[in-house]
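This is a predicted model, so every value here is computed, not measured. We use all heavy atoms of the structure for the numbers below, so side chains are in, but hydrogens, waters and symmetry mates are not.
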Amino acid sequence: MKTTGIKLYKSRGTPLYFQLFEALKQNIISGDISDGEKLPSRRRLMSELSVSKSTAEQAYRLLEEEGYALSKAKSGYYARSESPLNKNIAEPDYYHDEGIVLVMSHHATDPLTYPEKEITKLYRDTVYDMPKLYGLGHKFGEKELRQAVSSSLNNLHGFGTSPDRVIIGGGTEYLTEQLVHIFPSGTVFGFENACFARSYIPVKNSGAKITLIDNSLTEFPLEKLKQSDIDIMYVSPDGQYPTNHRMTEEERKALLDWAYERENRYIIEADFDLDISLKGSEETLFRMDKKDRIIFMGTFAKSIAPSLKTSYIVLPKTLKEAFNKALPYYVNLASRFEQQTIAKYIKSGKYADHCRFVKDFYTQKRNLLKNELKGSPLSGYTEIFNSQSGIYFIISVNNGMNKTELKEAAYKNGVKILPVCVSYIKSKSLPGNLFLAGFGGLTPSEIKDAAARLTGAWLPKVPKSL
């Protein structure tokens, strides 16, 4: 193989080894270098391209890692154009559909809210400074993070809890599943219908008995709960998914009264938006609780970044020992490096400031989408519900179209937006014309574009005069 066609530029910001890697890779992809053809030796690259041995070795290492080269002992490197490592995986993109321009995801967050520089530096320092973290950690999580979570909950939200009640886990789904095992056989878990499937499924897969109670947009189904056989009720008082309904103070007090009526009744309070939500005078159930009946669940997925799967639960004192006995071989799946990084970020004081920024950031987006919809001709055919906080709200569309027609019309106009009914576990009690208007992952210009496209899709067409 000749190297005369390869040109490297020291003046560019790109390292020479990466320029060499890219040049060789493109030659393999294009077929200029045949599959199985022997690549130039490192010594030859050094001589003909005036590069160092390290540059040649790093380029070949990258080619091998990505599947474009194969190393043979005492022979050298050979091109691989058909390696499975350098082939795209033939799977549909979960977030993309043909013709879709904008995805109004009710889960998507904005990369501008990720504290990338701070987290990257803290993580790097943790890896270098704490080699002990390569070993197994405590099954309840890193002591430093349990202390930081307790301190944050106390300082930001007035919880009054202690670190020994905090348990760290590798994601809320995993923690939810583990919770099932600390209760006696026959315990009935309750969920609202519609609900968050990622919480419902782990309980179902654990073999627990589940009772569903139909909910509404405007109130918590308290009377249905009282008439049920539920022992453990899963709720999100500050923003139920998918309705985004926030419980009133009266509803919260009544829910606690329900738990107090019988021994061994508990409430799982899942508040994944706690640190970035716009709370009014309402309290968290945990803070209102006087009889130690709340299991509180939280995460850093929205306050910091979705890829951080480290989550936590705060257990009542009566359940902490039960957790320990029921799960003697519990293994903490949360990365120790990630746990320590989050702990350092909280202790630095920057986390609290960051949460205030994120709260204001999404408030501006929320208000922008609301104003765009209210100021459009579509406003006469739509109603907005439960838009106090979070990264989505509910739109009710009353233009004579059914949910399938509404969804398909939006799709044809380039907008992917899902109806509330996708979150039902069983029969549907809410109207079919309710949609989840997500704005978290959209830029301001995209929010305006989405509102305009929905208007074009859903605005009734005026018949042409004869």
Among side-chain atoms of S54 and S52, is any donor-acceptor pair under 3.5 angstrom? no

Please say whether the positively charged group of K72, taken as NZ for Lys or CZ for Arg, lies over the ring of Y78, i.e. under 6.0 angstrom from the six-membered ring centre and within 45 degrees of the axis. yes

Hey, could you give me the CD/OH distance between E116 and Y123, rounded to the nearest 0.5 Å? 14.5 Å

Rounded distance [0.5 Å steps], SG in C355 versus CG in D275: 4.5 Å

Mind checking ring pair (Phe, Tyr, Trp, His ring centres under 6.0 Å) for Y381 and listing every partner two or more places apart, or none if nothing turns up? none

Answer yes or no: is there a donor N or O on one side and an acceptor on the other, between the side chain of D271 and the main chain of G298, under 3.5 Å? no

Atom pair NZ/CD1 of K359 and I276 - distance to nearest 0.5 Å: 9.0 Å

Indicate yes or no for a side-chain donor-acceptor contact from H354 to the backbone of T113 under 3.5 Å, with no hydrogens or angles considered. yes

For the pair L327 and K139, evaluate side chain to side chain contact (heavy atoms under 4.5 Å, CB included) and give the outcome as yes or no after the intermediate values. CA-CA 10 Å; L327 299 163; K139 70 176 185 178; 5.7 Å; no

Which distance, rounded to the nearest 0.5 Å, do you find between the CD1 of I391 and the CG of L436? 11.0 Å

Crowded around K209 NZ? As in, over 12 foreign heavy atoms under 6.0 Å? no

Any side-chain donor paired with an acceptor under 3.5 Å for Y351 and S152? no

For atom NZ of K143, decide whether the heavy atoms of other residues, nucleotides or ligands shown that lie under 6.0 angstrom number more than 12. no

Determine, step by step, whether E65 and R61 satisfy the salt bridge (charged side-chain N to carboxylate O under 4.0 Å, His left out) criterion, reporting the C-alpha distance in whole Å, the side-chain angles of both residues, the deciding distance to 0.1 Å, and the verdict. CA-CA 6 Å; E65 285 180 358; R61 178 179 55 80; 3.1 Å; yes

Min side-chain heavy-atom separation E192-M233 under 4.5 Å: yes

Expected output: side-chain S150 to main-chain R146 donor-acceptor under 3.5 Å: no

In Å, rounded to the nearest 0.5 Å, how long is the span from CD of E383 to NZ of K374? 10.0 Å

Full working for salt bridge (charged side-chain N to carboxylate O under 4.0 Å, His left out) between K25 and E66: CA-CA 9 Å; K25 173 183 171 181; E66 293 204 7; 3.7 Å; yes

Quick one: does S206's side chain have a donor or acceptor within less than 3.5 Å of a partner on A208's backbone? no

Under 3.5 Å side-chain donor-acceptor pair for Y241 and S423: yes

Does N193 reach the main-chain N or O of I425 with its side chain, forming a donor-acceptor pair under 3.5 Å? yes

Closer than 4.0 angstrom, basic N to acidic O: yes or no for E408 and K412? no

Give a yes or no on whether the backbone of L217 and the side-chain of N386 come within a donor-acceptor separation of less than 3.5 Å. yes

Atom pair CG/NZ of L122 and K347 - distance to nearest 0.5 Å: 12.0 Å

Counting N and O atoms only, with roles assigned by atom type, does the side chain of E269 sit under 3.5 Å from a partner on the main chain of T284, one being a donor and the other an acceptor? no

Do the rings of Y330 and F323 sit parallel, tilted or perpendicular, given the 30° and 60° boundaries? perpendicular

Counting only pairs under 3.5 Å, give me each side-chain donor-acceptor contact of residues 167-183, with atom names and distances, residues two or more places apart or in other chains.
unit_1	atom_1	unit_2	atom_2	d
Y174	OH	V331	O	3.2
T176	OG1	T172	O	2.7

